[in-house]
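Hydrogens, waters and symmetry mates play no part in the numbers below; they use all other heavy atoms, side chains included. In what follows, every chain begins at residue 1, and chains take the letters A, B, ... in the order their sequences are listed.
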2 protein chains.
Amino acid sequence: MNFTSSEENYIKAIYHLQQADANVTTNELAAELQTKPASVTDMLKKLKAKKLLNYERYQGFTLSNQGKQIALGIVRKHRLWEFFLVDKLKFGWDEVHAVAEELEHISSSLLVERLDAFLEHPKFDPHGDPIPDVHGKMESNRQVNLIDLPINKKAEVCAVGSQSTELLELLKHSNISIGTKIEVKKKFTFDHSLEIKLGNKVAFTISQQLAQALFVKPL
Amino acid sequence: MNFTSSEENYIKAIYHLQQADANVTTNELAAELQTKPASVTDMLKKLKAKKLLNYERYQGFTLSNQGKQIALGIVRKHRLWEFFLVDKLKFGWDEVHAVAEELEHISSSLLVERLDAFLEHPKFDPHGDPIPDVHGKMESNRQVNLIDLPINKKAEVCAVGSQSTELLELLKHSNISIGTKIEVKKKFTFDHSLEIKLGNKVAFTISQQLAQALFVKPL
DNA sequence: GAAAGAAATTAGATTTGTCTAAAATAATTT
DNA sequence: AAATTATTTTAGACAAATCTAATTTCTTTC
């Protein structure tokens, strides 16, 4: 199936906002796309009709699996073009975004695959973001500080910020180790503490200091 | 100023049809763009308002100088992308047209210039058509048989098909030599003879045989 | 748990590019 | 030069994507 540039922009924006926080709202999306909430609602209905979105009015929305695939295809194109612009056309990494926004809507999939081959199948774009392959798979190996992990995003602990016995003692007591599945449920502004959940266990809160010592890989 | 893809498609189509025959009609343009004459009229009015077209209703239309510049910019982008697709991405020369039709509407002029540099300023696209430079200038050195010269297109005689004394005698008598400015005013279907005009002199007709012996360069 | 406030949605209008059907103009034929 | 035919244009409608203003639904506060 084929989509308009406008539809693709909505899908991509929803995808990115959902990465940062699984609970995307109509207003957030409107702000992101520099449009009005009413326009967003119109498009949500259209995307639902095309089965790209799970959406019930007043109840919020998430991308369907099909929607996610479309989003990944657009992200793939965007990042491949960014790589091309910087690597081949000698653009600065800060000059490429606007141009890539246009190029990502070129529809030919043959073009994308030939471009990918020409660039020798790069795995990351000039900003370090991973480039999805034809099937939407990508290396999600950019580790981020737990403080920066979006709410409700499942991740895996992959590194700690120090090897001090004090930290290790606290980690052991909290049942956190390398490989632990982790998820942030809430962020408290007052002291920047986080409510987290390990696997399916009951949630508990950790301090800003501990969170900053933990590095995770989004799944 | 910025134009929509639709406007650009009209400008480009008018440009190409005007190359083939200076008298482009509403119906021809509609056929070329696979749309209806009424839609063409609508767009003609819009392009006139934007000063890209000389147009009076029922009286035909031609591109203004500004319109020609826009057209050349689009042709430049189209042919540069075609060159890129064939030379770098290993497309076949017959596969590139549709993709280039999409790519030619990407607006960034920085992109075009960087692409031109990356490709090392090619002068001709994979089909042998000349690529206009930033200022719209291009080598128009594809010589065509006088028989194929569009009506009302000014051209210059650049070669003859044989060196026989019979031909040279006729050419001398007709005042035609290399460098003569020439223009076809009418084509007669009956015997394929042509009415031609040399510079500002009075028009006269020549036979199919003579026309076929003359090669010209459109100006 | 009712009222106030915030967020989301609907209703109706606008713009762009297109269409069909009808009318106006130009070109051709007799 | 009048009549026929072909071309071009207008008038009015429609779909896509957007907007403003009004309304509905949800959330929060008291």
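Using a 4.0 Å heavy-atom cutoff across all strands shown, Thr26(B) reaches sugar-phosphate atoms only and no base atom. Contact annotation for Ser39(A): base contact, defined as any heavy-atom pair under 4.0 Å involving a base atom. Within the nucleic acid shown, Phe61(A) has no heavy atom closer than 4.0 Å to any nucleic acid atom.
The one candidate from Asp125(B), Asp133(B), Asp116(B) that meets the side chain to side chain donor-acceptor pair (under 3.5 Å) condition with Arg76(B) is Asp116(B).
Of the possible polar contacts, one joining the Ser64(A) side chain to the Lys51(A) backbone as a donor-acceptor pair under 3.5 Å is found.
The structure places CD of Gln208(B) at 6.0 Å from NE2 of His192(B), a figure rounded to the nearest 0.5 Å. To the nearest 0.5 angstrom, His97(B) atom NE2 is 14.0 Å from Phe91(B) atom CZ. Taking CD1 of Ile206(B) as the reference point, atom CD1 of Ile196(B) lies at 4.0 Å (rounded to 0.5 Å).
With no hydrogens or angles considered, no side-chain donor-acceptor pair links Thr62(B) and Gln18(B) at under 3.5 Å. A donor atom on one side chain and an acceptor atom on the other are found under 3.5 Å apart for Ser193(A) and Asp191(A).
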How does each nucleotide of nucleotides 1-6 of chain C score, in 5' to 3' order, for protein heavy atoms under 4.0 Å: base (B), sugar-phosphate only (S), or none (-)?
-> ------
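A sub-4.0 Å separation between OP1 or OP2 of dT18(D) and a side-chain N or O of Tyr10(A) is present. Proximity of Lys45(B) to the phosphate of dT10(D): a side-chain N or O atom is located under 4.0 Å from OP1 or OP2. For dT8(D), one of the phosphate oxygens OP1 or OP2 lies less than 4.0 angstrom from a side-chain nitrogen or oxygen of Asn27(B). Between Thr4(A) and dA16(D) there is no side-chain N or O to OP1 or OP2 distance below 4.0 Å.
One can place CD of Glu56(B) at 14 Å from C1' of dT9(D), the figure rounded to the nearest angstrom. What separates CE of Met43(A) from C1' of dT10(C) is a distance of 17 Å, to the nearest Å. Nucleotide dT9(C) holds its P atom 11 Å from the CG atom of Leu29(A), rounded to whole Å.
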For nucleotides 21-28 of chain D, list the nitrogen or oxygen atoms of the protein found under 3.5 Å from its nitrogen or oxygen atoms, one pair per line.
from: dT24(D); atom 1: O2; to: Tyr58(A); atom 2: OH; distance (Å): 3.0
from: dC26(D); atom 1: OP1; to: Gln59(A); atom 2: NE2; distance (Å): 3.0

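In this structure, Phe118(A) and Phe84(A) have tilted ring planes: the angle between them lies in the 30° to 60° band.
A heavy atom closer than 4.0 Å to some atom of DNA chain D occurs in no member of residues 97-108 of chain B.
Nearest nucleotide to the Ser6(A) side chain, out of dA7(C), dC19(C), dT18(D): dT18(D). Each of dC19(D), dT10(C), dC19(C) was ranked by its minimum atom distance to the side chain of Asp42(B); first place goes to dC19(C). For Tyr55(B), taking side-chain heavy atoms from C-beta onward, the closest of the listed nucleotides dT9(C), dT18(C), dT9(D) is dT9(D).
Within a 6.0 Å sphere centred on NE2 of His135(B), heavy atoms belonging to other residues, nucleotides or ligands number 12 at most.
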Check step by step if salt bridge (charged side-chain N to carboxylate O under 4.0 Å, His left out) holds for Lys181(A) and Glu183(A).
-> CA-CA 7 Å; Lys181(A) 301 275 184 296; Glu183(A) 198 175 339; over 6 Å; no
